[in-house]
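Here the structure is laid out as C-alpha cells; the discussion comes afterwards.
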Amino acid sequence: MKVQSFFWGIALALAAGLAAAEAQTQSALDAQRRSAPLGSVPDAAGFTLRLTADLSGVKEREALLEIPGAVEVWVRPEGGSGGGQNYGAFRAADGSCPVLEAKVFVHSPEHPEWKEMTVGVPLAQLARRDGAQEIELRFAGARWQMRVGGLYDEDFPFGRVQWETNAVWALRSPRAASAALWTPPLPDAPCPAARPVRQVQYFTPEGHNSWVGDVATGFHDGRYHVFYLIDRRHHSSKFGKGGHYFAHLSSPDLKHWFEHPPAADLDEQWETIGTGTPFVHDGKLCLAYGLHTTRLYPYEKTTLPEMQAYFKKTGRFGVFTRENSSAVPAGMTYAVSDDGVVFRKSHAMVHPSENPTVYGQPDGSLILYGGYGADGLWQAASLPGEWSCVDKLFPPKSSMEPTTECQCAFEWDGRHYLMGGFSGLWCSPSGKGGTYVDLAGQGKDIYDGLGVPMVAAFTGNRRILAGWLGGQGWGGHLVLRELVQYDDGTLGLKWPEEVVPPCGPAKTVAESAAPGASFVLPESGRALLAFTAAPGAGTNGVLAVRLLNADGKTGCELQLDAARGRAQWSDAAEGGLAKALPSGREILEAKHAGEAWAAKGTRHPDFHSHGRNFCIENVRGMDKPFAVRIIVYRDPKMAGSVVDAEIAGQRTLVSCRPGLLATRAALAADGTGLRVSDVKVSELAGE
C-alpha cells in the first residue's frame, strides 16, 4: 500500500522591531491558515485521512481542515441534535455540548440531490479532552467513518468523491497540527468472533446514536440467537434510506451473552438490508434477509423485473446471481454459517420479498411468508431453489391491520401461532390456511410496547420473544420476554428471569401502603420496585404507581385497572389519575367506525407500537392478590429512562420515557383502589 503523508509548516516575518516582531510572528503562526497542494488526486473510491488536533475548549464553530469539494472537518457547539445525531444527551459538566464533525461531498448520477454526508461525535464522551487527539476519517465503499479517542460514528454513502485536480489542503485553525492521507483506505481491524455483553435487557449497540432495529430470533445447537438491524440516527442514515445491516448476539443459557461479527454487513453502496429470519437448512444456520435496493435505484435497474418476468413465464421465482444477471440485486437473499457465528453471503436473489420470513421444514423444504414484494405463502425444495406459491391468501386478514411482512411463525404444544409486524396475532390448531383465529382482533394480543417482536424456542420447551422499544423514532432498546401459554391457546408475557438486571439487596420500605404513600428511589435512577397488590372491597380497583422527577410533578404513571383487566403507561397527571387510554384494538375499531380522533389508525399517538403512552387489555391475574415488579432503567444515551412492568407474572408493558430521571415512586388510586403491601426497592447493579 503506498502511503502519502502531507505535513505543513508556515513561517512569517514582520518588519517591526525585533522584540515586537518575535511576539507578532508567533501570534500570526497560531492564527494563519496553512495550505499545501494535495499532490496526486486520490482514488475517488476511498481514502483514510488522519488529522491531529486539540479538541479542548470549544466555544464557537471552528473549521479544522478543508479540502475543497471533498472533505471538511470542524468543531462547534451542538446547537441542536437534528438528523438523529443525539448529541444533546452527552453534555459536559458545565452544560455545554461541543461536537466534532466531518463532511464528505459525494456525487452520483442516480441521486444528484445527495451531495454531502456528515458524521460526528459529542466531545463530552472523550475520556480526555486536553492535548492533541488523532482523528481518523475513512471513506471506503459503503461506509463513511469517524474515530477519535475511542468514539465512533459512521454513515453509509451513495456516490463517489470527485477530487479537484488542483485541490489545496487547508488547515484552518491553530488547533489542527498535522494531517496525512492514505489511498486506498486503510482496512478495518477484524472483529472478534465473540465479545461478552454484560447487559442484554435494554441493550443498545455501542455509539452515541446507535439503536436496535427490527429483531429476528432463532434457536440452533443449544444457542438462542438474536439478529438485529443496527440503526443509527433513527432511520436517518444513508440519506434517510436506513443503511441497516444485521448485527448478531447469542447465548447458550440467556445469562451469558456474546456479540459476534455482523451476520449480513453492508459491502456495496446500493445495499440497505431489510428484516428477515434465521432458519436451519442442511444442518446449517442461515439468515434470510431482504435488500431494499429500490430505495436507491429505480425498480427497472434492479433484478425485480427479471424475477417477475421469470415468474410470469414459469409460475415460480427463480435464482438470479452475478453470473446470470447484470442488474442491481434486490429482493430476498440469504447468508449461511458453518459454525453459527461467521456468516457468508450467498449473493443469490431468490424472491422479490424485501422483508422475508423463512423457516425450514422437517422434510428439508423451506417455507417463506412473503411481503413487501410478493404476498402469500411460498415453498422451495432447497436453497438456492425456485419458490412456488402454495397459498395466495396468506397471511389471514385481521381487523388490526397487521403488515404482510416481518412475520413470525412458531409452534408450541400443538398450537401454531403467527405474528405480523406491529399488531397481528393469530392461532391455529394445524397451521393450515383458513384455520387461524384472529386473537389480536379480540384484544388478546401480546404487544406490550415493542416493535416487530419475534419468537423462538428455547431449552425446556420455553418460548422467548425479542423486539425493540419505540418512543424515540425507528429503533430503540432491545427487550426480551418469555411467553406464557394458557389452556385456551391465548398467550401472556413475563420477564425471563435470566435477563433481569442484577440488583443489590432488596430493602422493605413499607409493610403496607395507602394512596399518597411515596418511596425514595436510588440516586442512580436505576431501580427495581416490587410489591403485592390485592383488589379493595367495594372499589373499582384502579391503582396508579407514579414515577416522578425531582420536581415531584413530571414523570410517568403505571395504571392498573383490576376490575376491567387493563393496564397502561401514561404521562403523570397532577391532582389525580391519568385519563384511561383506549387499547390498540379500540383505536382501530374507532378508525373503522370513522371516528375522527382515530383517523390516523396505527399512527395514533396512544398506539402501543409507539412505546410511550398506551393501554393493554385482557390482563389476567388481577382478580386476587398479585405481584407487581417495575424496573426503572435510566439510560444517559436517551437522557431518560426505560420503565418496564410485569403484572402477576403474566403480562408485561414497557415504555420509553425521555426526560425521566425518577427520584421517587408514589401511589395514587381511584377511591381506595387496590391494597398494596410488602413494598421493596432494590438498586440495579452498576455496569
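Everything numeric in this text was worked out from a predicted model, so none of it was measured.
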Minimum heavy-atom separation for [X] to [Y], with atom names?
{"X": "V484", "Y": "G649", "value": "CG2-O, 3.9 Å"}
{"X": "A457", "Y": "F219", "value": "O-CB, 3.1 Å"}
{"X": "A567", "Y": "L560", "value": "CB-CD2, 3.9 Å"}
{"X": "C389", "Y": "W378", "value": "N-CE3, 3.2 Å"}
{"X": "G243", "Y": "T272", "value": "N-OG1, 2.9 Å"}
{"X": "M638", "Y": "C656", "value": "CE-SG, 3.4 Å"}

Any side-chain heavy-atom pair of [X] and [Y] under 4.5 Å:
{"X": "R612", "Y": "P658", "result": "yes"}
{"X": "L368", "Y": "L377", "result": "no"}
{"X": "T217", "Y": "L465", "result": "no"}
{"X": "R415", "Y": "S428", "result": "no"}

Go through the steps to decide whether M419 and M454 satisfy the test side chain to side chain contact (heavy atoms under 4.5 Å, CB included), and finish with yes or no. CA-CA 8 Å; M419 300 182 71; M454 291 200 177; over 6 Å; no

Using the test salt bridge (charged side-chain N to carboxylate O under 4.0 Å, His left out), find all partners of [X] that sit at least two apart in sequence or belong to another chain.
{"X": "D644", "result": "R481"}
{"X": "R143", "result": "E154, D265"}
{"X": "R585", "result": "E589, E617"}
{"X": "E271", "result": "K345"}

Distance check, rounded to the nearest 0.5 Å: [X] atom [atom1] versus [Y] atom [atom2]?
{"X": "K579", "Y": "N613", "atom1": "NZ", "atom2": "CG", "answer": "9.0 Å"}
{"X": "I464", "Y": "Y224", "atom1": "CD1", "atom2": "OH", "answer": "6.0 Å"}
{"X": "Q568", "Y": "S570", "atom1": "CD", "atom2": "OG", "answer": "4.5 Å"}
{"X": "D214", "Y": "T277", "atom1": "CG", "atom2": "OG1", "answer": "12.0 Å"}
{"X": "C615", "Y": "D561", "atom1": "SG", "atom2": "CG", "answer": "8.5 Å"}
{"X": "M332", "Y": "T357", "atom1": "CE", "atom2": "OG1", "answer": "9.5 Å"}

Check: [Y] main-chain N/O paired with [X] side-chain donor or acceptor under 3.5 Å:
{"X": "H351", "Y": "P356", "value": "no"}
{"X": "Q379", "Y": "V390", "value": "no"}
{"X": "E411", "Y": "G414", "value": "yes"}
{"X": "S337", "Y": "V342", "value": "yes"}
{"X": "T314", "Y": "Y310", "value": "yes"}
{"X": "S325", "Y": "T303", "value": "no"}
{"X": "S398", "Y": "P402", "value": "no"}
{"X": "S346", "Y": "Y334", "value": "yes"}
{"X": "Q407", "Y": "G420", "value": "no"}
{"X": "Q485", "Y": "T490", "value": "no"}

Run the numbers on H477 and Y202 for ring-ring contact (aromatic ring centres under 6.0 Å, His included), then give the verdict. CA-CA 5 Å; H477 295 76; Y202 320 124; 7.4 Å; no

According to the interplanar angle, ranging from 0 to 90°, do the rings of F203 and Y228 count as parallel (below 30°), tilted (30 to 60°) or perpendicular (above 60°)?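 Perpendicular, since the angle between the ring planes exceeds 60°.
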
Parallel, tilted or perpendicular: which fits the ring planes of F410 and Y417, with parallel below 30° and perpendicular above 60°?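 Correct class here is parallel.
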
Are there over 12 heavy-atom neighbours, none belonging to E206, within less than 6.0 Å of that residue's CD?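 At most 12 heavy atoms, drawn from other residues, nucleotides or ligands, come within 6.0 Å of this atom.
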
Residues, nucleotides or ligands: over 12 heavy atoms within 6.0 Å of D363 CG: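 Enclosed.
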
Stepwise salt bridge (Lys or Arg N to Asp or Glu O under 4.0 Å) check, R462 with E482: CA-CA 7 Å; R462 299 165 70 184; E482 181 167 356; 2.8 Å; yes

Can you list every ring pair (Phe, Tyr, Trp, His ring centres under 6.0 Å) pair that touches residues 265-294, not counting sequence neighbours?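 Every pair satisfying ring pair (Phe, Tyr, Trp, His ring centres under 6.0 Å) with a residue in residues 265-294: H292-Y372.
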
Check the pair W412 / L483 against side chain to side chain contact (heavy atoms under 4.5 Å, CB included), numbers first and verdict last. CA-CA 10 Å; W412 198 8; L483 269 61; 3.6 Å; yes

Only counting residues at least two apart or in another chain, list the ones meeting side-chain contact (heavy atoms from CB on, under 4.5 Å) with [X].
{"X": "A140", "answer": "R138, P185"}
{"X": "R651", "answer": "I616, V619"}
{"X": "K301", "answer": "Y297, P298"}

Please name all residues satisfying side-chain hydrogen bond (donor to acceptor under 3.5 Å, both in side chains) with S210, sequence neighbours left out, ordered by chain then number.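 Listed in chain order: K637.
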
Partners of W144 by side-chain hydrogen bond (donor to acceptor under 3.5 Å, both in side chains), sequence neighbours excluded?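 W144 satisfies side-chain hydrogen bond (donor to acceptor under 3.5 Å, both in side chains) with no other residue.
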
Taking the ring centre of each residue, are Y245 and F227 less than 6.0 Å apart?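 No, they do not, as the ring centres are separated by 6.0 Å or more.
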
Between H111 and F239, is the ring centroid distance below 6.0 Å?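 No, the ring of H111 stays outside the 6.0 Å limit from the ring of F239, centre to centre.
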
Determine which pairs satisfy salt bridge (Lys or Arg N to Asp or Glu O under 4.0 Å) with at least one residue from residues 427-445, sequence neighbours left out, and list them in order.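 Pairs touching residues 427-445 that pass the test: none.
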
Might you work through the side chain to side chain contact (heavy atoms under 4.5 Å, CB included) test for L418 and L425, ending with a clear yes or no? CA-CA 6 Å; L418 179 69; L425 177 63; over 6 Å; no

Applying ring-ring contact (aromatic ring centres under 6.0 Å, His included), run through H225 and H248 and close with a yes or a no. CA-CA 7 Å; H225 295 265; H248 181 200; 5.1 Å; yes

R232/D155 ion pair, N-O < 4.0 Å: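 The answer is no: the pair does not qualify as a salt bridge.
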
Could you tell me whether D339 and R223 have a side-chain N and a carboxylate O separated by less than 4.0 Å?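 The answer is no: the pair does not qualify as a salt bridge.
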
ring-ring contact (aromatic ring centres under 6.0 Å, His included) with H244: which residues, sequence neighbours excluded?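 H244: ring-ring contact (aromatic ring centres under 6.0 Å, His included) contacts with H235, W474.
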
